[in-house]
Amino acid sequence: MTQPLNIAVLLSGSGTNLQAIIDAIAAGTLNARIVHVVSSRPDAYGIERAQAAGIPVTVLNRDAYADREAADARIVETLQAAGAEYVVMAGYMRMVTPVMLNAFPDRVLNLHPALLPSFKGAHAIQDAFEAGVKVTGVTVHFANEEYDKGPIVAQCAVPVREGDTLDALEERIHGVEHELYPEVLRWIAAGRVSVGEDRKVHVAPEA
């Protein structure tokens, strides 16, 4: 077996996607190792999930982000020291700066609860629901300097059912997230993902 992919996870909230990745690694279905977790909020429940799994955690607060580039420089230094190869944003409510993007070129992943380029922003599930679309979904993409606009790695559709509530739709979308994110990381760990000169992501067939 090849060496595990070393990843770092950035989060701001409950850490359910972090948990999905932890569970996939523990189950032996993802050849990866989480070398560090960074939380942008001291009260994020994801911190407890990381600690329970024995993963080192760095916790920042609002004051640390007064200078966003300085905050990212601190995070980059920590993640590079931990040996991170990829940075995985999992409910991280901070836009990363060129400091991080240049340190990990085409290696900063983000998860968005809609089918980009539709419904960008922090309220994507509610915006899609209120727009009355019949299909929404989940997107995994590489982050760049524009919010929710980096090269798309994978997408999965989630139908909006007749009589759906916002809470029901949100629950199904999160369920898809917990499957799609580890799957994309499996592709990356297997060396199947690349970004072409056309800035489109190419996923090679499974060997």
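Note that these values count all heavy atoms, side chains included, but never hydrogens, waters or copies made by symmetry. None of these values were measured; they are calculated from a predicted model.
- Two residues are said to be in side-chain contact when any heavy atoms from C-beta on lie closer than 4.5 Å; Q126 and F129 fail this criterion.
- Listed here is the closest heavy atom pair of A90 and V9: CB-CG1, 3.9 Å.
- By the 6.0 Å contact criterion, CD on Q51 is enclosed, its count of non-hydrogen atoms from other residues, nucleotides or ligands being greater than 12.
- For the residue pair P182 and E179, the shortest heavy atom distance occurs at CD-O, 3.5 Å.
- A donor-acceptor pair is defined here as one N or O able to donate and one able to accept, closer than 3.5 Å; such a pair exists between the side chain of S12 and the backbone of M93.
- Within a 6.0 Å sphere centred on NE2 of H123, other residues, nucleotides and ligands contribute 12 heavy atoms or fewer.
- Hydrophobic clustering, with ILVMFWY side chains joined whenever heavy atoms are under 4.5 angstrom apart, keeps V87 apart from I47.
- In this structure, I7 and R33 have side chains that are not in contact, with every pair of non-hydrogen atoms separated by 4.5 Å or more.
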**Message:** Could you go through V193 and V201, starting from their C-alpha distance and side-chain angles, then the distance that decides it, and tell me whether this counts as side-chain contact (heavy atoms from CB on, under 4.5 Å)?
**Reply:** CA-CA 7 Å; V193 176; V201 175; 3.7 Å; yes
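- Between the side chain of T78 and the backbone N or O of R74, at least one donor-acceptor pair lies under 3.5 Å.
- Contact between L169 and P159 at its shortest, heavy atoms only, is CD1-O, 4.2 Å.
- Take D23 and apply the side chain to side chain donor-acceptor pair (under 3.5 Å) test, not counting sequence neighbours, and it matches Q19.
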Give the C-alpha distance, both sets of side-chain angles, the deciding distance and a yes or no for salt bridge (charged side-chain N to carboxylate O under 4.0 Å, His left out) between D198 and K200.
CA-CA 5 Å; D198 57 2; K200 293 180 180 179; 5.1 Å; no
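- Expressed to the nearest 0.5 Å, how far CG of N144 lies from CG of D106 amounts to 9.0 Å.
- To the nearest 0.5 Å, atoms CD1 (I21) and OH (Y181) are separated by 6.5 Å.
- Atom CG in L185 sits 10.5 Å away from atom CH2 in W187 (nearest 0.5 Å).
- Using modelled atom types and a 3.5 Å distance limit, the side chains of H36 and T58 yield a donor-acceptor pair.
- Checked by atom type, the side-chain pair Q155/T139 shows a donor-acceptor distance below 3.5 Å.
- Smallest separation of non-hydrogen atoms from N61 and P42: CB-CG, 4.0 Å.
- Test V88, V108, L79, L18 against L10 for side-chain contact (heavy atoms from CB on, under 4.5 Å) and you get one pass: L79.
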| request: Would you please test I173 and E170 for side-chain contact (heavy atoms from CB on, under 4.5 Å) and show each step? | output: CA-CA 5 Å; I173 285 176; E170 184 170 358; 5.7 Å; no
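- Surrounding CD of E77 are at most 12 heavy atoms belonging to other residues, nucleotides or ligands under 6.0 Å away.
- Between the side chain of E85 and the backbone N or O of N6, at least one donor-acceptor pair lies under 3.5 Å.
- Annotation for A71 and A64: closest pair CB-O, 3.3 Å, computed over non-hydrogen atoms.
- Between L166 and I125, some side-chain heavy-atom pair lies under the 4.5 Å cut-off.
- Taken to the nearest 0.5 Å, the CZ atom of F104 stands 10.5 Å off from the CD1 atom of I75.
- For the 3.5 Å distance criterion, the side chains of E177 and H174 qualify, holding a donor opposite an acceptor.
- Proximity of I188 to L109: side-chain heavy atoms (C-beta onward) are separated by under 4.5 Å at one or more points.
- V184 and I34 fall within a single hydrophobic cluster, where Ile, Leu, Val, Met, Phe, Trp and Tyr are joined by side-chain heavy atoms under 4.5 Å apart, directly or via other members.
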- Please walk me through it: do K134 and D164 pass salt bridge (charged side-chain N to carboxylate O under 4.0 Å, His left out)? CA-CA 11 Å; K134 303 305 180 186; D164 246 345; over 6 Å; no
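- Side-chain contact between L11 and S39 is present, with at least one heavy-atom pair separated by less than 4.5 Å.
- Transitive grouping of hydrophobic side chains (ILVMFWY, heavy atoms separated by less than 4.5 Å) brings V59 and V37 into a common cluster.
- With rounding to the nearest 0.5 Å, the separation of CD1 in I22 from CZ in R49 is 8.0 Å.
- The cationic atom of R94 (NZ for Lys, CZ for Arg) lies less than 6.0 Å from the six-membered ring centre of Y65 and within 45° of the ring axis.
- Connection of L111 to M89 is not established within any shared hydrophobic cluster, with ILVMFWY side chains joined at heavy-atom distances below 4.5 Å, either directly or through further cluster members.
- When the options V140, V138, D148 are evaluated for a side-chain contact (heavy atoms from CB on, under 4.5 Å) with H112, the one that passes is D148.
- Closest non-hydrogen pair, Y147 versus G121, comes out as CE2-CA, 3.6 Å.
- The distance from the NE2 atom of H178 to the CG atom of N17 is 4.0 Å, given to the nearest 0.5 Å.
- Without hydrogens or angle criteria, T29 side chain to A24 main chain gives a donor-acceptor distance under 3.5 Å.
- In terms of hydrophobic clustering, with Ile, Leu, Val, Met, Phe, Trp and Tyr side chains grouped at heavy-atom distances under 4.5 Å, M95 and V99 are assigned to different clusters.
- Taking the side chain as every heavy atom from C-beta outward, H141 and P151 never approach each other to under 4.5 Å.
- Listed by chain and residue number, F119, A128, A131, T136, V160 satisfy the side-chain contact (heavy atoms from CB on, under 4.5 Å) test with V133 (two or more places apart in sequence, or in another chain).
- Contact of the T2 side chain with the N31 side chain is registered, since non-hydrogen atoms from C-beta on lie closer than 4.5 Å.
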